[in-house]
J.: 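Structure provided below as structure tokens; questions to follow.
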Amino acid sequence: MTARSIAMIGGTGAEGFGLALRWARAGETIIIGSRDATRAREAAVKIRQDVGAGAKVTGEENGAACAAADLVVLTIPFEIHAAILKQLRPALRPGTIVVDTTVPLAASVGGRATRTLGLWEGSVAQQTAESLPKEILVVSAFHNISSELLKGDQAIDCDVIVCGDHAEVNLEVRRLAARIPGVRAIDGGRLENTRIVEQIAALLIGFNIRNKGHHSGIRITGLPDAAYRS
């Protein structure tokens, strides 16, 4: 287990709930965050019913969830990303790790889900880093993992690419990703590389649409064994 409590902002949505469920099964301490504290607590109850009475899962309003956590995972739609980030900023303590999973899909402004929007900063995670104090450590990850598979109990055939500017933080997030059965977490380099990973997420959506699927993922092959170990 990690030594940190994990706040899932947007934890009542498909991806946030799925990640919370998987990590609760692995014994992590989870705080489900939502704009509606009642919905957050209801989601926490569902996870405890699945995992068992020993599951360390609670639910709070987003700000309270952030204030109580050492690691914050943003699983929110791009269209509300800036507004939610502004609300959360006062609750984030120096040294908090923020993991941004958001993809700027064109669907958020009425376009196609298979396209991403061009952002001045380069990517959503870079936008997040510029919006927060330098003492907050921003990482990007989990863009390309199926929310449908996360809600199940089978191993997930997918690699997670982790990008960030602090090697030790990247490693901690990679270790957390590897708590999900079947997932390998690979160091994707600096935070600026997130823009590439966001494009891959849109590509996978296109695969799903054309092939009437929901579970496409990626595997990175050909690297030394050490690259796949967290």
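Residue indices begin at 1 and follow the sequence shown.
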J.: Do Ile30 and Val51 sit in the same hydrophobic cluster, where Ile, Leu, Val, Met, Phe, Trp and Tyr count as joined when their side-chain heavy atoms come under 4.5 Å apart?
T.: yes
J.: Scan side-chain atoms only and decide if Thr102 and Asp100 contain a donor-acceptor pair under the 3.5 Å cut-off.
T.: yes
J.: Under a 3.5 Å threshold, yes or no: a donor from one side chain and an acceptor from the other, between Thr116 and Glu198?
T.: no
J.: Please say whether more than 12 non-hydrogen atoms of neighbouring residues, nucleotides or ligands are located less than 6.0 Å from CZ in Arg39.
T.: no
J.: Look up atom CG in Leu19 and atom OG1 in Thr101, then write down how far apart they are to the nearest 0.5 Å.
T.: 7.5 Å
J.: Without swapping roles, check the side chain of Arg179 against the backbone of Ala26 for a donor-acceptor pair under 3.5 Å.
T.: yes
J.: Check the pair Glu28, Lys56 against salt bridge (charged side-chain N to carboxylate O under 4.0 Å, His left out), reporting the backbone distance first and the verdict last.
T.: CA-CA 7 Å; Glu28 302 290 348; Lys56 295 177 286 187; over 6 Å; no
J.: More than 12 foreign heavy atoms under 6.0 Å from CZ of Arg115: is that the case here?
T.: no
J.: Please report the closest heavy-atom contact between Glu121 and Gln127, naming both atoms and the distance.
T.: OE1-NE2, 3.4 Å
J.: Report the distance from atom CD of Glu148 to atom NZ of Lys151, rounding to the nearest 0.5 Å.
T.: 4.0 Å
J.: What pair of heavy atoms forms the shortest contact from Ala141 to Val173, and how long is it?
T.: CB-CG1, 4.2 Å
J.: Is any side-chain heavy atom of Ser140 closer than 4.5 Å to one of Val99?
T.: no
J.: Would you say Lys46 has more than 12 foreign heavy atoms packed within less than 6.0 Å of its NZ?
T.: no
J.: Would you say Val197 ends up clustered with Leu223 if hydrophobic residues are merged whenever their side chains have heavy atoms under 4.5 Å apart, either directly or through other cluster members?
T.: yes
J.: Please determine which of Ile218, Ile186, Val183 meets the side-chain contact (heavy atoms from CB on, under 4.5 Å) test together with Val160.
T.: Val183
J.: Donor-acceptor pair, distance only, cut-off 3.5 Å: does the side chain of Arg41 make one with the backbone of Gly59?
T.: yes
J.: Do Ile97 and Val162 share a hydrophobic cluster (ILVMFWY, side-chain heavy atoms under 4.5 Å, transitive)?
T.: yes
J.: Closest approach of Val124 and Pro104, non-hydrogen atoms and distance?
T.: CG2-CD, 3.5 Å
J.: Say whether, by atom type as modelled, one donor and one acceptor occur between the side chain of Arg22 and the main chain of Ile180 under 3.5 angstrom.
T.: no
J.: Kindly say whether Asp159 contributes a backbone atom to a donor-acceptor pair with the side chain of Tyr228 at under 3.5 angstrom?
T.: no
J.: Please report the closest heavy-atom contact between Val57 and Ala24, naming both atoms and the distance.
T.: CG2-CB, 3.6 Å
J.: With clusters defined by side-chain heavy atoms of hydrophobic residues (ILVMFWY) lying less than 4.5 Å apart, directly or transitively, does Leu137 cluster with Met8?
T.: yes
J.: Show the nearest heavy-atom pair for residues Ala201 and His143, with the distance to one decimal.
T.: CB-O, 3.7 Å
J.: Please determine if Asp70 and Arg93 form a salt bridge, counting it only when a charged side-chain N lies under 4.0 Å from a carboxylate O.
T.: yes
J.: Should His166 and Val138 count as side-chain neighbours, where that means a heavy-atom distance under 4.5 Å?
T.: no
J.: Does Arg35 pair with Glu61 as a salt bridge, N-O distance under 4.0 Å?
T.: no
J.: Pair Gln87, Ile84 - check side chain to side chain contact (heavy atoms under 4.5 Å, CB included), show working.
T.: CA-CA 5 Å; Gln87 294 172 1; Ile84 294 293; 3.9 Å; yes
J.: Check whether any side-chain heavy atom of Arg219 lies under 4.5 Å from a side-chain heavy atom of Asp157, and answer yes or no.
T.: yes
J.: May I ask you to test the Leu74-Leu88 pair for a side-chain heavy-atom distance under 4.5 Å?
T.: yes
J.: Output yes when a side-chain donor or acceptor of Asn193 lies under 3.5 Å from a complementary backbone atom of Gly188, and no otherwise.
T.: yes
J.: Look at the side chain of Arg184 and the backbone N and O of Ala227, then say whether any donor-acceptor pair between them is shorter than 3.5 Å.
T.: no
J.: Any side-chain heavy atom of Val103 sitting closer than 4.5 Å to one from Phe78?
T.: no
J.: Rounded to the nearest 0.5 Å, how far apart are CZ of Arg25 and CD1 of Ile47?
T.: 9.0 Å
J.: So, taking the atom named OG in Ser230 and the one named CG in Leu171, what distance separates them when rounded to the nearest 0.5 Å?
T.: 7.0 Å
J.: Any side-chain heavy-atom pair from Thr75 and Phe142 closer than 4.5 angstrom?
T.: no
J.: Would you say the side chain of Ile32 lies within less than 4.5 Å of the side chain of Glu60, judging by non-hydrogen atoms?
T.: no
J.: Write down the atom of Glu15, the atom of Leu150, and the distance for their closest heavy-atom approach.
T.: O-CD1, 4.0 Å
J.: Treating Ile, Leu, Val, Met, Phe, Trp and Tyr as nodes and any side-chain heavy-atom pair under 4.5 angstrom as an edge, say whether Ile220 and Ile200 lie in one connected cluster.
T.: yes
J.: Could you please spell out the steps behind the side chain to side chain contact (heavy atoms under 4.5 Å, CB included) verdict for Val72 and Leu92?
T.: CA-CA 9 Å; Val72 175; Leu92 295 170; 3.9 Å; yes
J.: For Ser123, is there any backbone N or O sitting under 3.5 Å from a side-chain donor or acceptor partner on Gln126?
T.: yes
J.: May I ask you to say whether Arg195 pairs ionically with Glu192, meaning some side-chain N is under 4.0 Å from a carboxylate O?
T.: no
J.: Counting distance only, does the side-chain N/O of Arg4 pair as donor-acceptor with the main-chain N or O of Leu71 below 3.5 Å?
T.: no
J.: Could you give the distance from CG (Leu204) to CG (Asn144), rounded to the nearest 0.5 Å?
T.: 6.0 Å
J.: Within the distance-only criterion (no hydrogens, no angle test), does the side chain of Trp23 pair as donor or acceptor with the backbone N or O of Leu176 below 3.5 angstrom?
T.: yes
J.: A side-chain contact here means heavy atoms from C-beta on lying under 4.5 Å apart; do Val139 and Leu191 qualify?
T.: no
J.: If only atom types and distance count, is the side chain of Ser146 paired as donor or acceptor with the main-chain N or O of Leu149 below 3.5 Å?
T.: yes
J.: Just how far is it from atom CG of Asn208 to atom OG of Ser216, taken to the nearest 0.5 Å?
T.: 3.5 Å
